[in-house]
Amino acid sequence: MLKKTLQAFAAVILIWTGAAAPAMADAARDNLKIVGSSTVYPFATVVAEQFGKTSGFKTPVIESTGSGGGFKLFCAGVGVEHPDITNASRRIKPSEMDTCAANGVNEIVEVKIGYDGIVLANSRKAPPLKLTRRDMYLALARQVPDPSGAQKVVPNPYKTWKEINPALPASKIEVLGPPPTSGTRDAFVELVMEHGAESYDWIKALKKSDEKQFKAISQTVREDGAYIEAGENDNLIVQKLEANPKAAGIFGFSFLDQNVDKIQGAVVENVSPTFEAIADGSYPVSRPLFFYIKKAHVGRIPGIAEYVKEFSSEKAWGPDGYLADKGLIPMPDAERKQMAADVARMKTLAKDALK
Amino acid sequence: MNNGKPKTIEIVQRSLVRRYRAERRFRRMGLGAIVLSLVFLGFLFASIVGNGYTALFQTQVQLDISFDPETFATGELANADYPRLIKEALYKAFPQVTARGERRALTGLVSSGAAFQLRQMVLADRSLIGTRRSIWLPADDDVDMLVKGHLSRQAGRLSEAQLAWIGQLQSQGKLAKHFNWTLFTAGDSREPELAGILGAVVGSFYTLLVTLALSFPLGVATAVYLEEFAPRSRWTDLIEVNINNLAAVPSIVFGLLGLAVFLGAFGMPRSAPVVGGMVLTLMTLPTIIIASRAALQAVPPSIRDAALGVGASKMQMILHHVLPLALPGMLTGTIIGMARALGETAPLLMIGMVAFIVDIPGGFTDPATVLPVQIYLWADSPERAFVERTAAATLALLAFLIVMNGLAVVLRRRFERRW
């Protein structure tokens with residue numbers, strides 16, 4: 001028994017040292033490291049997989065960290081331990097570029113890959129919703145303009161959709177949506193809530209005179225139970241909508257696209273969220289998606305240029321490409337061509353371009 | 001003598017019925033709790049199995065592929081136009097389809113991974129070139145979902161024409177469900193029909209190997225020292241309390257520690273099983289130490305006294321007598337700790353093991369993910385077909401856990417000695 005025990009110990013220690021030794025030598029990487037937005041993740045992973053299968057390079061490793069988390073990792077420095085590319089469902093902020101520059105990441109290439117629509121959807125068992133952005137703002141903001149018409153805000157008094165707009169059903173306002181950490185939530189607030197608030201002239205005037213007050217009015221989502229934070233898992237929201245036909249949910253277009261037999265998108269300002277309507281810009285709630293390349297790594301980490309080439313090829317991001325099948329809305333032809341040309345020469349992003 | 005006061009025996013008898021009833025109620029409540037938890041467990045298993053078993057089969061399409069030598073004329077077998085072979089075969093099977101848009105819809109019935117399957121076949125066997133073969137190729141995930149009844153015909157995911165083609169293939173016997181080997185032999189993929197759990201299983205294996213190699217020796221050595229050598233003082237008490245506290249720390253905290261120390265200070269690679277294993281070691285260590293100490297305490301002092309009495313040194317006493325007797329208990333604790341580590345995702349989130357990784361890891365420093373992370377990632381994917389695959393991967397994870405816990409039970413039964 002003793003001998004066996006000792007042998008087992010020896011074997012264990014052997015494996016242990018064997019495992020630890022290569023870890024100490026953090027040699028050059030031969031696979032791409034990509035981080036960033038969970039919205040871009042489903043598209044980036046498809047490209048990565050195609051790239052890995054067809055190019056002979058290793059398949060890139062992609063982490064879904066959220067846009068902000070992605071920039072934090074991306075801007076931490078230059079070297080094999082830092083990621084090469086970060087995905088984002090919004091543009092990089094000037095403050096993030098400053099962080100990058102402070103850590104030696106000076107040359108960044110910006111690639112816009114297409115658009116993503118944000119939809120408010122409900123179960124097919126219920127009648128479809130026809131809304132304006134103002135309706136959505138009134139339904140979901142914590143403070144709304146006084147219904148009596150006075151130029152002041154009151155805590156949101158609306159309980160049913162009908163109270164907001166007589167044309168809407170008399171059902172309770174119940175919206176499942178992403179938590180504040182989500183890029184989809186940021187985009188929803190910016191594209192719907194803010195826009196809806198600005199439809200009141202006196203609130204729009206506040207934007208210039210008292211920005212803090214403006215933000216409080218336009219960007220705060222109500223917390224009295226009408227808006228339910230349903231976590232980052234959009235599949236879960238779809239399932240909950242199916243179980244509760246009275247509720248509506250907020251998520252990215254690709255989830256609507258995959259579940260068209262269960263849910264239907266709300267018509268916003270007379271436009272339904274269809275692939276075509278988002279592509280030609282007539283559906284109002286859509287946002288561009290990006291990824292950013294660390295130029296200092298191009299040539300040092302094998303495969304960056306080739307991966308970017310795959311991503312910016314027509315068979316990937318074109319109107320008939322495989323990304324469109326996954327729900328990415330392509331850019332117009334001219335913009336796509338221009339972007340592909342810029343990317344091919346690795347045109348770096350100037351801070352002035354961010355305004 | 002009778003002064004109106006009830007006798008003690010009468011009081012007892014009067015209350016007896018009530019006490020019996022309370023007794024029965026108490027017992028039934030306990031039984032009820034067990035039944036309720038069994039119902040929940042049954043419900044959980046039924047829903048996972050019900051959702052997951054269909055993933056064991058994958059719809060495939062039989063196509064007559066002619067390996068046209070012209071396609072391979074360029075000489076580079078790896079980069080030949082394999083999708084064209086499939087398109088040609090489909091066009092031949094449906095000669096009435098000629099419009100460009102319709103042809104696109106037709107090729108959409110077959111998985112984009114089918115071309116890679118042909119590529120692998122040709123690379124493995126050059127003699128295929130120039131021949132005609134009837135080959136089963138994976139169908140697209142929407143077709144798969146339709147055939148399995150998870151997608152209604154009115155869904156709009158498939159066009160009328162596509163539904164008609166599917167019907168035609170089915171009536172010809174060229175569209176059928178086959179066992180889904182891909183699920184067990186492939187790494188992750190964004191196409192549900194090509195996705196498998198092997199990459200995650202291998203990742204879990206490497207991670208747990210590191211965890212075992214680190215936590216078992218460290219845990220046992222700590223337990224032996226604390227139990228057999230350490231003097232009882234304020235210091236050892238403090239250590240003891242801290243070990244017990246450590247066992248109750250939420251696992252995400254260990255992930256943060258791993259991020260700060262292993263990745264930050266030591267500069268170890270992200271997404272690597274070696275780091276994952278080290279983080280999980282921190283998590284399982286307290287469990288192993290506590291179990292090992294309990295096992296050592298269960299060895300009666302008379303064994304130690306007898307060994308010392310016949311002249312054994314303290315080290316001989318521990319290595320020859322105490323450790324072998326305590327080992328089954330230690331191993332049981334270790335296996336239970338490892339089973340917990342197998343199901344853990346939270347600490348791995350911080351060190352980059354929650355990632356899309358297609359290649360199957362070949363070592364301790366290759367990027368890898370683990371089985372529960374794979375489940376999490378699939379649960380988050382928009383494609384409908386991932387729902388059943390999520391459940392199937394959960395079944396695989398449950399199978400591993402049951403095997404490990406079963407092993408712990410067997411070890412305890414066979415080797416544990418009672419005094």
> To the closest 0.5 Å, what do you measure between CG (Asn259(A)) and CG (Leu151(B))?
9.5 Å
> Counting only heavy atoms closer than 4.5 Å, note whether Asn31(A) contacts chain B via side chain, backbone, both or neither.
side chain
> Tell me, out of Ala355(B), Pro273(B), Gly108(B), who's got the most heavy-atom pairs with chain A below 4.5 Å.
Ala355(B)
> State the CG-CG distance between Leu158(B) and Asp261(A), to the nearest 0.5 angstrom.
10.5 Å
> For chain A, which of Phe386(B), Phe116(B), Phe356(B) has the most heavy-atom pairs under 4.5 Å?
Phe356(B)
> Can you tell me which portion of Pro83(A) sits under 4.5 Å from chain B's heavy atoms? Options are side chain, backbone, both or neither.
neither
> Among Gln258(A), Lys326(A), Lys262(A), single out the residue with the greatest number of heavy-atom pairs under 4.5 Å to chain B.
Gln258(A)
> Taking side chain as everything from C-beta outward and backbone as N, CA, C, O, which of these in Ala379(B) sits under 4.5 Å from a heavy atom of chain A? Side chain, backbone, both or neither.
both
> What do you reckon, is CZ of Phe205(B) surrounded by more than 12 foreign heavy atoms closer than 6.0 Å?
no
> If you measure from CD on Glu383(B) to CG on Asp325(A), what distance do you get to the nearest 0.5 Å?
10.5 Å
> Under 3.5 Å, is there a donor-acceptor pair between the side chain of Arg190(B) and the main chain of Pro42(A)?
yes
> At a heavy-atom separation under 4.5 Å, does Ser381(B) approach chain A through its side chain, its backbone, both, or neither?
backbone
> Which answer fits Ser64(A), side chain, backbone, both or neither, if we ask what part of it has an atom under 4.5 Å from a heavy atom of chain B?
backbone
> Got a sec: does the NZ of Lys148(B) have more than 12 other heavy atoms crowding it under 6.0 Å?
yes
> Taking NZ in Lys53(A) as the centre, count heavy atoms belonging to other residues, nucleotides or ligands within less than 6.0 Å. Is the count above 12?
yes
> Checking Leu73(A) against chain B: side chain, backbone, both or neither under 4.5 Å from a heavy atom?
side chain
> Under 4.5 Å heavy-atom distance to chain A, tell me which part of Leu194(B) shows up: side chain, backbone, both or neither.
side chain
> If I compare all heavy atoms of Ser254(A) with all of Pro382(B), which pair ends up nearest, and what's the gap?
O-CB, 4.4 Å
> Picking from Glu63(A), Arg29(A), His82(A), what satisfies side-chain contact (heavy atoms from CB on, under 4.5 Å) with Arg270(B)?
Glu63(A)
> Are any of the side-chain heavy atoms of Lys58(A) and Pro367(B) separated by less than 4.5 Å?
no
> Could you report the tightest heavy-atom contact between Asp380(B) and Phe255(A), atom names first, then the distance?
O-CZ, 3.7 Å
> Can you find a pair of side-chain heavy atoms, one from Phe51(A) and one from Val358(B), that are under 4.5 Å apart?
no
